[in-house]
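See below for the structure under consideration.
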Amino acid sequence: MPDTHKKGLNADLVSNDLEHCCRGIGLCDQCQGDACIIGYAKQCIAGYRQKPKKEVPEGAEHVPTMDFKTFDEVELETAIAHILRECKDCKADHTENCIINVIRNCYEVGLLGDTLPFKGSALQYLIYLNEYYPEKSAHIAALYKEMGQQ
């Protein structure tokens, strides 16, 4: 099936990361749903669970880049490392609306304030991250490497 990821997506891992990143009703008063980066990503993964497709229609366009809430940086860094491990390193076949890309974009907005360019390679992404955000990249790269050794 060309719509599905070749190796699948660990929806449980992504959902767990999203729960750890979520500020919860106690801090946000009420869930803002798709107006929140985490709420939007939760909706994307819920849709994936119902119908596992590689793409989120217009997903990258709908990432709430104006969500200025603060989130736990360590949780976001961990989530980025995890989602990079889920990446299929599709290089030239990369699409902006890939569910993995969309969810990573949500994490980036929370951690860095904006989305970053992605060329279909987790390694290239880590190099870019190290160049422009060295203080954030160290933890992400260490977790990414550690998960590759498991």
Side-chain angles (χ1 to χ4, degrees), residues 1-23 32-67 69 71-150:
M1 283 172 84
D3 286 2
T4 60
H5 277 296
K6 295 173 196 163
K7 301 177 195 171
L9 171 65
N10 186 340
D12 291 337
L13 173 70
V14 175
S15 292
N16 187 47
D17 284 341
L18 289 167
E19 287 305 318
H20 282 98
C21 290
C22 183
R23 295 171 43 102
Q32 297 173 357
D34 64 1
C36 167
I37 57 166
I38 301 304
Y40 179 67
K42 282 181 176 183
Q43 288 180 359
C44 291
I45 202 68
Y48 178 84
R49 284 180 185 274
Q50 288 179 337
K51 194 170 186 179
K53 293 217 178 241
K54 179 181 177 179
E55 302 264 332
V56 176
E58 299 176 357
E61 294 173 30
H62 292 123
V63 171
T65 57
M66 300 307 284
D67 184 3
K69 288 190 297 300
F71 294 89
D72 184 290
E73 290 188 10
V74 173
E75 293 294 348
L76 288 169
E77 290 169 356
T78 300
I80 289 174
H82 286 166
I83 203 74
L84 285 175
R85 275 290 165 196
E86 291 299 303
C87 178
K88 308 311 176 215
D89 280 329
C90 54
K91 297 180 182 47
D93 293 329
H94 168 72
T95 63
E96 289 299 307
N97 293 322
C98 167
I99 186 163
I100 293 170
N101 189 68
V102 170
I103 291 172
R104 194 195 66 260
N105 284 170
C106 290
Y107 296 147
E108 292 167 346
V109 170
L111 183 64
L112 308 169
D114 203 359
T115 62
L116 300 182
F118 190 81
K119 305 294 183 198
S121 166
L123 182 57
Q124 275 185 316
Y125 178 85
L126 288 168
I127 291 167
Y128 179 90
L129 195 64
N130 185 55
E131 184 176 340
Y132 292 96
Y133 301 94
E135 67 286 351
K136 308 279 188 223
S137 71
H139 184 235
I140 295 168
L143 285 171
Y144 180 83
K145 182 179 177 184
E146 179 182 307
M147 291 177 345
Q149 296 172 349
Q150 295 176 353

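The model shown is predicted, which means the values in this text are computed figures rather than measured ones.
- For residues 132-150, the set of pairs meeting the salt bridge (Lys or Arg N to Asp or Glu O under 4.0 Å) definition, not counting sequence neighbours, comprises E73-K136.
- Among all heavy-atom pairs drawn from L9 and V14, the shortest one is CD1-CG2, 4.2 Å.
- In terms of heavy-atom proximity, P64 sits nearest to V109 at O-CG1, 3.9 Å.
- Within the structure, the ring-ring contact (aromatic ring centres under 6.0 Å, His included) test picks out the following pairs touching residues 71-112 (sequence neighbours left out): H94-F118.
- When the salt bridge (Lys or Arg N to Asp or Glu O under 4.0 Å) test is applied to D12, the partners found at least two apart in sequence or on another chain are R49.
- For H20, there are no ring pair (Phe, Tyr, Trp, His ring centres under 6.0 Å) partners two or more places apart in sequence or in a different chain.
- Partners of E96 according to the salt bridge (Lys or Arg N to Asp or Glu O under 4.0 Å) rule, which considers only residues two or more places apart in sequence or in another chain, do not exist here.
- In this structure, R104 contributes its side chain and I80 its backbone to no donor-acceptor pair below 3.5 Å.
- A search for side chain to side chain donor-acceptor pair (under 3.5 Å) contacts involving T95 returns E55, not counting sequence neighbours.
- Judged as a side chain to side chain donor-acceptor pair (under 3.5 Å), and not counting sequence neighbours, E75 has no contacts.
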Only pairs under 3.5 Å count here: list side-chain donor-acceptor contacts from residues 34-45, not counting sequence neighbours, and write none if there are none.
residue: Y40; atom: OH; partner: G59; partner atom: O; Å: 2.9
residue: K42; atom: NZ; partner: E19; partner atom: OE2; Å: 3.1

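- Residue pairs meeting the salt bridge (Lys or Arg N to Asp or Glu O under 4.0 Å) criterion with at least one member in residues 109-121: none, sequence neighbours excluded.
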Mind listing the side-chain donor-acceptor pairs of residues 123-133 below 3.5 Å, one per line with the distance, residues two or more places apart or on another chain?
residue: Y125; atom: OH; partner: E108; partner atom: OE2; Å: 2.7
residue: N130; atom: OD1; partner: S137; partner atom: OG; Å: 3.0

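- Taking each heavy atom of L116 and L112 in turn, the nearest pair found is CD1-CD1, 3.5 Å.
- Remark: K69 engages D67 in a salt bridge (Lys or Arg N to Asp or Glu O under 4.0 Å) (not counting sequence neighbours).
- Scanning both residues, L76 and C21, for their nearest heavy atoms gives CD2-SG, 3.7 Å.
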